[in-house]
Enquirer: 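Pasting a structure here, questions to come.
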2 protein chains.
Amino acid sequence: MTTSNLTRKKTSMKRRSLHEEISDHLRSMIIEGELPEGERIDESALCEQLEISRTPLREALKVLHSEGLVSIEPNRGARVAVLTPEEFAELFELIGGLERMAAELAASRATDSELKKLAQMQTRLESLYSAGDRHNYFELNQDIHRMIIAMSRNSTLTSLHEQLLMRASRGRYMAIGTEDRWEESVQEHQTLLDALQAKDSVKAGEIMLEHVRHTGDCAVNALKLRKAV
Amino acid sequence: MTTSNLTRKKTSMKRRSLHEEISDHLRSMIIEGELPEGERIDESALCEQLEISRTPLREALKVLHSEGLVSIEPNRGARVAVLTPEEFAELFELIGGLERMAAELAASRATDSELKKLAQMQTRLESLYSAGDRHNYFELNQDIHRMIIAMSRNSTLTSLHEQLLMRASRGRYMAIGTEDRWEESVQEHQTLLDALQAKDSVKAGEIMLEHVRHTGDCAVNALKLRKAV
DNA sequence: AGCCAGTATCAGGAATACATAATTATAGCG
DNA sequence: CGCTATAATTATGTATTCCTGATACTGGCT
């Protein structure tokens, strides 16, 4: 039997299941802070609010749980995962390692056009810094990091990084809480760019690791202070 | 054979939900190869086999999906995720980076008793190598790696590593497919131990990275060959 | 004979219904 | 008056049912 499936060609229609959409929705609700840390997640209430049934919601909660955004206690329901300073520090340590790896790989794998794009982003970053536009600076900063991760040409690494970033994102904005750290950060980005352009893997990795470590330490301290209140 | 060891006796009721047990069960089924790569997962059939209903099974599938062990196409069901050589290579690259990080941290954080324990394991590893006991060698090898990860004192890193190892485990055993690589591997473990005992973070990290990279390359090649058949 | 259309069948997705554990309220007792 | 035990209530966990989209089959057509 010749099963030549010519009609198998299926345009990647984004057929999103309900639980997928709910996952995304809840994920942003958590990240945006709409659902605060530790908040109890009342299934029935949320179902009513989102106008869905419990089945897909519960599936979504399982997904978010294994992403580390939600904690589930058997027979006691789900709540938005609380991030202790210790966990947050661990997370940043981990992210630092991943970004270092990415920077190393990026140094050896990046194309010229990618480097050029990165240079442009860096220029814009500096102007945003000069303008004191903290919000857009922060956004662009994240984009630059994401760009470097993507330049590693490792999609597994990329998606994992993205996921960890989400877990950490609730605290990450604190990183640029102080002006002096801000200036330092811009500097580090520049030297990192230099290393990448020079295709110096080791150096790029080192700079990135230090950069993230600094950022992380800042954020951890900010978080500890805030928790102490 | 068809006997389900998913007995849920009320007497031994742990706090584990059904979907959690199912997740674990399916996870081992996949890792053990009982459910081969690409195998379609028929929900009704599995439910009947495990004597449960579809609801918890589907929840478990969502979890396994976000762990990367199962792929889900909307309206087309779930199947055991297939690991292409490319993905496998990415995975190993990633694991390499994580283990390097762990080795670096371990070098600075390990206690003397941990180092002693590790040295004992190394001794045993060498004797297993001499005896040609491949199976136990492989087991101990994994334990050593896990031990070093644990010595990093970063539980987030540890659990992530464990998860990635699962995804890769179906191909990992191929790593020691050749004798010469085997001997090399034992050597690398020894020098790694030396570096850890000397608390030389950088060196420990480098050795670990190289070690995993070698192992990975071997495994990737083996996988490619096998896929080509 | 091969191909396409229409239909039948089936499996997965979502909603509802049911069971059970946890929490809270209440009543009885000390 | 307070404490404990037990009942009521609520929310979670699981099963069942319904619905919808996908695949397979059949029959008519070129």
Side-chain angles (χ1 to χ4, degrees), chain A residues 1-27 30 35 38-66 69-81, chain B residues 4-26 29-30 35 38-66 69-82:
Chain A
M1 203 187 290
T2 57
T3 38
S4 56
N5 300 324
L6 303 175
T7 56
R8 183 60 58 87
K9 183 73 187 85
K10 178 189 178 272
T11 46
S12 313
M13 279 288 288
K14 280 206 149 184
R15 279 213 145 285
R16 299 172 56 72
S17 304
L18 196 45
H19 78 262
E20 242 180 312
E21 301 211 25
I22 298 173
S23 297
D24 291 349
H25 190 77
L26 281 181
R27 201 178 289 118
I30 292 174
L35 286 175
E39 176 92 339
R40 176 86 184 284
I41 298 176
D42 189 312
E43 296 182 2
S44 331
L46 245 181
C47 285
E48 207 170 315
Q49 184 183 334
L50 301 180
E51 295 178 307
I52 47 153
S53 82
R54 281 178 57 213
T55 309
L57 172 63
R58 285 175 58 80
E59 291 179 350
L61 286 175
K62 300 293 174 300
V63 172
L64 262 36
H65 171 64
S66 61
L69 289 174
V70 159
S71 63
I72 295 181
E73 284 178 295
N75 290 321
R76 244 178 272 181
R79 46 183 66 237
V80 179
Chain B
S4 154
N5 43 3
L6 251 184
T7 13
R8 43 208 162 92
K9 265 301 196 181
K10 300 264 174 181
T11 51
S12 62
M13 260 299 248
K14 287 168 286 184
R15 278 261 183 262
R16 300 174 57 71
S17 304
L18 197 44
H19 74 261
E20 235 179 317
E21 299 209 25
I22 298 172
S23 297
D24 291 349
H25 190 76
L26 280 181
M29 283 179 80
I30 292 174
L35 286 175
E39 176 92 341
R40 176 86 182 284
I41 298 176
D42 188 312
E43 295 183 0
S44 331
L46 244 183
C47 285
E48 207 169 318
Q49 186 184 334
L50 301 180
E51 295 177 303
I52 45 149
S53 83
R54 279 177 59 213
T55 311
L57 172 63
R58 285 174 57 79
E59 291 180 349
L61 286 175
K62 300 294 173 298
V63 172
L64 262 34
H65 171 64
S66 61
L69 290 173
V70 159
S71 63
I72 295 181
E73 284 176 295
N75 290 321
R76 244 181 268 183
R79 48 183 65 236
V80 179
V82 296

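Residue numbers begin at 1 in each chain, while the letters A, B, ... track the order of the sequences.
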Enquirer: Rounded to whole Å, how long is the line connecting atom CD1 of Ile22(B) with atom P of dG13(D)?
Expert: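 Going from Ile22(B) (CD1) to dG13(D) (P), I get 13 Å.
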Enquirer: Of the nucleotides dT12(D), dT14(D), dG12(C), which has the atom closest to the Arg40(B) side chain?
Expert: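 So the side chain of Arg40(B) is nearest to dG12(C).
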Enquirer: With sequence neighbours excluded, what pairs up with Glu39(B) under the salt bridge (charged side-chain N to carboxylate O under 4.0 Å, His left out) test?
Expert: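 For Glu39(B) there are no salt bridge (charged side-chain N to carboxylate O under 4.0 Å, His left out) partners, ignoring immediate neighbours.
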Enquirer: Find the distance Lys62(B):NZ to dG12(C):P and express it as a whole number of Å.
Expert: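 Rounded to the whole Å, the gap is 10 Å.
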Enquirer: Return the value, rounded to whole Å, for the distance between atom CD of Glu59(A) and atom P of dA14(C).
Expert: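 Atom CD in Glu59(A) sits about 7 Å away from atom P in dA14(C).
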Enquirer: Using a cut-off of strictly less than 4.0 Å between a heavy atom of the residue and any atom of DNA chain D, enumerate the qualifying residues of residues 45-58 of chain A by number.
Expert: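 Those residues whose heavy atoms fall under 4.0 Å from DNA chain D, taken from residues 45-58 of chain A in numerical order, are Arg54(A), Arg58(A).
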Enquirer: Can you check the Ile72(A) CD1 to dT14(D) P distance for me, whole Å?
Expert: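 Computing the Ile72(A):CD1 to dT14(D):P distance gives 11 Å.
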Enquirer: NE2 of His19(B) versus C1' of dA15(D): gap in Å, rounded?
Expert: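 After rounding, the reported distance stands at 16 Å.
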Enquirer: Write down the distance between CD (Glu43(A)) and P (dT12(D)), rounded to a whole number of angstrom.
Expert: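 In whole Å, dT12(D) P and Glu43(A) CD are 5 Å from each other.
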Enquirer: Report the distance from atom CG of Asp42(B) to atom C1' of dG12(C), rounded to the nearest whole Å.
Expert: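 After rounding, the gap between these two atoms is 10 Å.
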Enquirer: Identify, with sequence neighbours excluded, every residue that meets side-chain contact (heavy atoms from CB on, under 4.5 Å) alongside Glu73(A).
Expert: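 In terms of side-chain contact (heavy atoms from CB on, under 4.5 Å), with neighbours along the sequence ignored, Glu73(A) is linked to Arg76(A).
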Enquirer: Partners of Asp42(A) by salt bridge (charged side-chain N to carboxylate O under 4.0 Å, His left out), sequence neighbours excluded?
Expert: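 Applying salt bridge (charged side-chain N to carboxylate O under 4.0 Å, His left out) to Asp42(A) gives none.
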Enquirer: Can you list the residues that meet the side-chain contact (heavy atoms from CB on, under 4.5 Å) rule with Ile52(A), with sequence neighbours excluded?
Expert: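 Applying side-chain contact (heavy atoms from CB on, under 4.5 Å) to Ile52(A) gives Leu18(A), Ile22(A), Leu50(A), Leu57(A).
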Enquirer: Expressed in angstrom and rounded to an integer, what is the separation of Arg76(A) atom CZ from dT10(D) atom C1'?
Expert: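 Interatomic distance, CZ of Arg76(A) to C1' of dT10(D): 15 Å.
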Enquirer: Measure the shortest side-chain to side-chain distance between Leu26(B) and Leu69(B) over non-hydrogen atoms and say whether it is less than 4.5 angstrom.
Expert: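 Contact flag for Leu26(B)/Leu69(B) side chains = no.
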Enquirer: Ignoring hydrogens, what is the shortest heavy-atom contact between Lys62(B) and His19(A)? Give both atom names and the distance.
Expert: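 Lys62(B) and His19(A) have their closest heavy atoms at CE-CE1, 3.0 Å.
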Enquirer: Would you mind classifying the nucleic acid contact of Ile41(A) as base, sugar-phosphate or nothing, using non-hydrogen atoms under 4.0 angstrom?
Expert: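 Sugar-phosphate contact only.
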Enquirer: Which nucleotide sits closest to the side chain of Leu18(B): dG13(C), dG13(D), dT14(D)?
Expert: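 Output: dT14(D).
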Enquirer: Please name all residues satisfying side-chain contact (heavy atoms from CB on, under 4.5 Å) with Arg40(A), sequence neighbours left out, ordered by chain then number.
Expert: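 Arg40(A): side-chain contact (heavy atoms from CB on, under 4.5 Å) contacts with Arg79(A).
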